[in-house]
Amino acid sequence: MSRQRKRAFFRILQIIVCFGVVFLTLKLSLVVIGDESRPLPIDDNLRKLMIEVEADNTRRSLNVERVCKKYNLGFYRKLADDSLFKHPPAPQYAVFYMDRVHNISYCPVYKAGTTTWLYNLCLLMNVPEETLNSGKEQLSTIARRAIPELEYPKADHVLTTSRKLLIVRHPFERLLSAYRDKLENSIAGREHGTLYFYRKFGVKIVQKYRNENFTEPQPNQVIRREGVPPPAGVEPTFREFVEYMIETDLGSYEDDHWMPYYLFCTPCLVKYDIIAKVESLWRDQVYAINKLGLQDRIKPRWRHSNSYANASKIYFSQLNREMVRRLYEKLRLDFELFDYSPDVYYEYATSID
């Protein structure tokens with residue numbers, strides 16, 4: 001093949017790849033309006049749902065108890081025995097939103113339905129929806145103003161006597177969501193703190209984990225949001241972020257968006273009455289709202305703007321299987337506590353370093 005024909009061939013190949021990426025981006029850019037318009041179950045359907053989720057909730061609670069005992073943590077710690085995991089000696093009272101009016105304590109696992117439930121709590125505290133939807137303040141700021149932090153020992157009493165809610169998500173999915181929301185693009189989303197995250201974390205991650213052999217991820221290993229300015233090119237890749245997660249001590253993560261559940265919400269020290277999952281959030285919300293007697297005040301909702309099909313498959317292809325294994329080991333307790341599996345993510349990863 002002549003040099004001219006080779007150039008033409010590769011030019012055509014580039015065009016095909018570009019069209020493929022554009023098509024994939026358009027296909028994946030699906031705005032999730034959510035389940036707010038979905039009809040609520042009533043009568044027999046509601047009773048059936050409540051029985052079904054009650055059984056799931058009991059299984060989830062028993063699994064947490066089993067794993068805490070297995071690793072000698074929290075309530076179940078035997079002082080004579082060691083544990084594989086470092087664990088706080090007491091709950092982190094400051095992170096909870098303790099609504100004494102409705103007798104609810106909520107631990108916000110960020111990137112796992114927090115927008116939904118902080119919104120709900122604000123509605124319960126009579127915060128106008130116009131304020132919540134204005135975009136002038138972070139929802140967590142509004143919620144903290146409506147539900148001020150309690151100090152010990154008052155916090156301990158309220159936490160012990162209230163009904164406690166926890167919402168979790170597959171640890172890898174939560175991690176990817178945190179990366180894409182906070183670190184992937186320092187140009188877009190500055191009203192949500194992306195520049196702050198770049199300056200505090202992104203710069204250091206790039207300095208430490210980017211080497212002279214660095215190459216940009218392939219177009220099929222990232223998703224670019226339609227209508228959003230592209231990254232500046234100085235941000236950490238997902239692979240670099242995972243290297244940071246693997247190499248950094250858990251206590252030094254310094255941010256709630258990727259702090260492990262067991263350190264942040266201490267489920268081995270707090271017996272949660274309701275453990276919901278993002279993967280079944282609408283159903284679990286119906287259960288939680290009715291269980292808490294709030295069905296006349298709030299409804300199931302999904303306050304999240306965008307979702308991309310196969311995002312984990314796309315981004316985890318930046319990793320090799322050894323990295324997935326090491327990341328799993330770092331977050332293994334969260335996986336076991338809430339019965340998640342890493343298996344499919346090994347398939348997403350490449351086998352090449």
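Here, residue 1 is the first one in the sequence, and each next residue gets the next number.
Nearest heavy-atom pair, Pro217 versus Val222, reported as atom, atom and distance to 0.1 Å: CB-CG1, 3.9 Å.
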One pair to check against side chain to side chain contact (heavy atoms under 4.5 Å, CB included): Phe197 and Ser186. What are the steps and the verdict? CA-CA 8 Å; Phe197 278 89; Ser186 64; over 6 Å; no
Residues Glu137, Arg145; criterion salt bridge (Lys or Arg N to Asp or Glu O under 4.0 Å); working and verdict: CA-CA 11 Å; Glu137 288 185 289; Arg145 187 164 59 242; 2.8 Å; yes
Residue pair Ser317, Asn220: steps toward the side chain to side chain contact (heavy atoms under 4.5 Å, CB included) verdict: CA-CA 9 Å; Ser317 70; Asn220 64 346; 5.6 Å; no
Evaluate the criterion side chain to side chain contact (heavy atoms under 4.5 Å, CB included) for residue pair Tyr106 and Asp99; output intermediate values, then yes/no. CA-CA 8 Å; Tyr106 168 59; Asp99 175 1; over 6 Å; no
side-chain hydrogen bond (donor to acceptor under 3.5 Å, both in side chains) assessment of Tyr198 paired with Glu235: CA-CA 7 Å; Tyr198 170 70; Glu235 299 88 348; over 6 Å; no
Please step through salt bridge (Lys or Arg N to Asp or Glu O under 4.0 Å) for the pair Arg283 and Glu52, ending with a clear verdict. CA-CA 10 Å; Arg283 186 200 68 157; Glu52 177 186 303; 2.9 Å; yes
For Arg326 and Glu247, what are the C-alpha separation, side-chain angles and deciding distance, and is it a salt bridge (Lys or Arg N to Asp or Glu O under 4.0 Å)? CA-CA 9 Å; Arg326 294 179 67 194; Glu247 298 293 339; 3.0 Å; yes
Could you give me the CA-CA distance, side-chain angles and deciding distance for Lys86 and Asp249, then say whether side chain to side chain contact (heavy atoms under 4.5 Å, CB included) is met? CA-CA 11 Å; Lys86 296 179 182 178; Asp249 181 77; 4.2 Å; yes
Begin with the C-alpha distance, continue with both residues' side-chain angles, and end with the deciding distance and a verdict on salt bridge (Lys or Arg N to Asp or Glu O under 4.0 Å) for Lys208 and Glu243. CA-CA 10 Å; Lys208 186 169 184 179; Glu243 288 182 305; over 6 Å; no
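Within a 6.0 Å sphere centred on CZ of Arg190, heavy atoms belonging to other residues, nucleotides or ligands number more than 12. Counting heavy atoms of neighbouring residues, nucleotides and ligands inside a 6.0 Å radius, atom NZ of Lys200 exceeds 12 of them.
Looking only at atom types and distance, the side chain of Asp181 has no donor-acceptor partner in the side chain of Ser177 under 3.5 Å away. At a cut-off of 3.5 Å, with distance as the only test, no side-chain donor of Arg60 or Asn57 sits close to an acceptor on the other residue. There is a side-chain donor-acceptor pair under 3.5 Å between Asn133 and Tyr119. In summary, the side chains of Tyr315 and Glu184 do present a donor paired with an acceptor at a separation below 3.5 Å, with no hydrogens or angles considered. Asp156 and Tyr93 are linked by a side-chain donor-acceptor pair at a separation below 3.5 angstrom, with hydrogens and angles left out of the test.
Residues Val234 and Val203 share a single hydrophobic cluster, defined by chaining ILVMFWY side chains whose heavy atoms lie under 4.5 Å apart. Hydrophobic clustering of Ile, Leu, Val, Met, Phe, Trp and Tyr side chains at less than 4.5 Å, counting indirect connections, keeps Leu46 apart from Ile51. A continuous path of hydrophobic side-chain contacts links Ile147 to Leu132 [ILVMFWY only; heavy atoms under 4.5 Å]. In the hydrophobic cluster analysis, where Ile, Leu, Val, Met, Phe, Trp and Tyr join through side-chain heavy atoms closer than 4.5 angstrom, Val101 is grouped together with Ile289. Under a hydrophobic clustering in which Ile, Leu, Val, Met, Phe, Trp and Tyr are joined whenever their side-chain heavy atoms come within less than 4.5 Å, directly or via other members, Tyr196 and Phe241 fall into the same cluster.
Between the CZ atom in Arg163 and the OG atom in Ser105 there is a gap of 10.0 Å [rounded to 0.5 Å]. In this structure, CG on Leu292 lies 9.0 Å from CG on Leu124, to the nearest 0.5 angstrom. Within the model, atoms CG of Leu165 and NZ of Lys291 stand 13.0 Å from one another, a figure rounded to the nearest 0.5 Å. Taking CZ of Arg169 as the reference point, atom CD1 of Ile167 lies at 12.0 Å (rounded to 0.5 Å). With rounding to the nearest 0.5 angstrom, the CG atom of Leu327 is 11.0 Å from the CZ atom of Arg325. The OG1 atom of Thr266 sits 8.0 Å away from the CG atom of Leu159 when rounded to the nearest 0.5 Å.
With a 4.5 Å cut-off on side-chain heavy atoms, Arg77 and Ser83 count as touching. Counting only heavy atoms from C-beta outward, the side chains of Lys164 and Met98 never approach each other to under 4.5 Å. The closest side-chain heavy-atom distance from Arg144 to Glu149 is below 4.5 Å. For the pair Arg239 and Asn320, the minimum side-chain heavy-atom distance is below 4.5 Å. Side-chain contact between Arg297 and His102: present, with at least one pair of heavy atoms (C-beta onward) separated by less than 4.5 Å. Contact annotation: the side chain of Leu123 approaches that of Arg301 to within less than 4.5 Å [non-hydrogen atoms, C-beta and beyond]. For the pair Phe338/Pro267, a side-chain contact is recorded, criterion being any heavy-atom separation below 4.5 Å from C-beta on. Side-chain contact between Tyr261 and Pro171 is present, with at least one heavy-atom pair separated by less than 4.5 Å.
In this structure, His157 has its ring center at least 6.0 angstrom away from the ring center of Tyr152. Annotation: Phe335 is in aromatic contact with Phe172 [ring centroid separation under 6.0 Å]. Between Phe201 and Trp258, the ring center distance clears the sub-6.0 Å criterion. For Tyr345 and Tyr348, the ring centers are positioned less than 6.0 Å apart.
Between the Glu279 side chain and the His170 main chain, a donor and an acceptor come within less than 3.5 Å of each other. A donor-acceptor pair is defined here as one N or O able to donate and one able to accept, closer than 3.5 Å; such a pair exists between the side chain of Thr194 and the backbone of Ala188. Asp284 contributes no side-chain N or O that, together with a main-chain N or O of Ile275, makes up a donor-acceptor pair within less than 3.5 Å. Of the possible donor and acceptor atoms, one in the side chain of Tyr179 sits under 3.5 Å from a partner among the backbone N and O of Phe238. Here the side chain of Glu336 pairs no donor or acceptor atom with the backbone of Leu333 at under 3.5 angstrom. The closest donor-acceptor contact from the side chain of His87 to the backbone of Leu269 lies at 3.5 Å or more, if one exists at all. Between the side chain of Gln92 and the backbone N or O of Leu263, at least one donor-acceptor pair lies under 3.5 Å.
With salt bridges taken as basic N to acidic carboxylate O contacts below 4.0 Å, one links Lys69 and Glu65. Between Lys313 and Glu347, no side-chain nitrogen of the basic residue sits less than 4.0 Å from a carboxylate oxygen of the acidic one, so the salt-bridge criterion is not met.
Geometrically, Arg210 engages Phe214 in a cation-pi contact defined by less than 6.0 Å to the ring centre and at most 45° from the axis. Both tests pass for Arg38 against the ring of Trp282: distance under 6.0 Å to the centre and angle within 45° of the axis. A cation-pi arrangement is present between Lys277 and Tyr340, with the terminal nitrogen or guanidinium carbon under 6.0 Å from the aromatic centre and inside a 45° cone about the axis.
Taking a 4.5 Å side-chain heavy-atom cut-off between Ile, Leu, Val, Met, Phe, Trp and Tyr, the cluster of Val228 contains only that residue.
Identified under the ring pair (Phe, Tyr, Trp, His ring centres under 6.0 Å) test for residues 49-79, with sequence neighbours left out: Tyr71-Phe85.
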